[in-house]
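Contents: one structure, followed by commentary.
Counting starts at 1 for both ligands and their atoms, in listed order.
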Amino acid sequence: MGIVLDLFAVPRAERSRTRKLRDAFFRSYLQKHPETQKIEVDLARDYDKLPAWDEWDVQTKFEMLYGEGNLDEEQAARWNALSRWTDQLHAANLVVVSTPMWNLSIPWQLKRWIDAVVQGRLTFELHKGEFRGLLTGRPVVLLVTRDGAYPPGSPMESWDHQVPYLRTILGFMGLGPFHEVIAEPLGFGGAKAAQEALDIALAKATELGQSL
Ligand SMILES: Cc1cc2nc3c(=O)[nH]c(=O)nc-3n(C[C@H](O)[C@H](O)[C@H](O)COP(=O)(O)O)c2cc1C
């Protein structure tokens with residue numbers, strides 16, 4: 001049975017265009033793969049269950065990355081809690097990330113999840129000076145919205161620290177290949193352009209759901 005990790009950083013409810021993309025993708029994907037088990041991670045709701053990165057967390061990370069893995073009781077409990085998030089990634093056959101652009105990048109709730117799951121021994125390893133991702137064989141769907149437009153080859157391309165960053169950091173853990181649906185411009189080009197862009201992206205999300 002296929003397991004899909006459905007990760008979304010979407011504070012708005014029915015007004016959210018990102019949520020509409022996510023709904024369109026899953027409606028289509030689940031129609032084709034009705035046996036799928038979906039693990040939902042609602043980051044706008046559950047972000048405070050993720051590590052906040054105080055000194056204990058940083059020390060634990062470094063011990064597991066560079067040290068022998070000797071943890072005291074408190075550190076072991078924290079590592080254990082953190083590994084439940086990475087277990088979800090290991091369990092998945094497909095990872096779907098639904099996110100708006102926030103200040104040219106990603107919402108901090110999604111960054112907090114990334115800071116939790118990018119961990120030596122759990123999702124990547126450092127072997128003789130080389131990094132190796134441990135999550136290979138898991139494609140990623142990126143469902144992305146933004147008010148501006150940052151198309152390849154345009155002067156705005158270099159302002160996009162959202163999609164290239166997600167490709168890089170998720171790819172660092174071995175995830176991929178990437179399938180992307182980018183709805184843009186959803187604001188700065190006016191209401192008509194926004195509706196057209198959203199309609200095109202919804203159709204693409206539906207198509208992608210059928211093709212995977
Ligand atoms: C805090 C915040 C920061 C944003 N920063 C950007 C930005 O840098 N560039 C951009 O194109 N849109 C930006 N937007 C617009 C959102 O990316 C866009 O409206 C998105 O569709 C919102 O998603 P939603 O409809 O799912 O709520 C920002 C929105 C918010 C709330």
Side-chain H-bond candidate by donor/acceptor type, Thr18 with Thr145, under 3.5 Å: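 Yes, Thr145 and Thr18 have a side-chain donor paired with an acceptor closer than 3.5 Å.
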So Phe25 and Tyr29, would you call those rings parallel, tilted or perpendicular, with 30° and 60° as cut-offs?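 Parallel, since the angle between the ring planes stays under 30°.
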Fit a plane to each ring of Phe124 and Phe172, take the angle between them on a 0 to 90° scale, and name the class: parallel (under 30°), tilted (30 to 60°) or perpendicular (over 60°).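 The arrangement is tilted - the two ring planes meet at 30° to 60°.
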For Lys111, all residues meeting side-chain hydrogen bond (donor to acceptor under 3.5 Å, both in side chains), sequence neighbours excluded: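 Result, side-chain hydrogen bond (donor to acceptor under 3.5 Å, both in side chains) vs Lys111: Asp115.
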Under a single-linkage definition using a 4.5 Å side-chain heavy-atom cutoff for Ile, Leu, Val, Met, Phe, Trp and Tyr, are Leu122 and Trp85 assigned to the same hydrophobic cluster?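 As far as the 4.5 Å side-chain criterion goes, Trp85 and Leu122 are connected within one cluster.
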With a 4.0 Å heavy-atom cut-off, what residues sit around ligand 1?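 For ligand 1, the residues that come within the 4.0 Å heavy-atom cutoff are Arg12, Ser16, Arg17, Thr18, Pro100, Met101, Trp102, Asn103, Leu104, Thr145, Arg146, Asp147, Gly148, Tyr150, Leu186, Phe188.
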So if I apply the side chain to side chain contact (heavy atoms under 4.5 Å, CB included) rule between Leu142 and each of Val181, Leu170, Val95, Ile182, which one comes out positive?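 With Leu142 as partner, side chain to side chain contact (heavy atoms under 4.5 Å, CB included) holds for just one option, Leu170.
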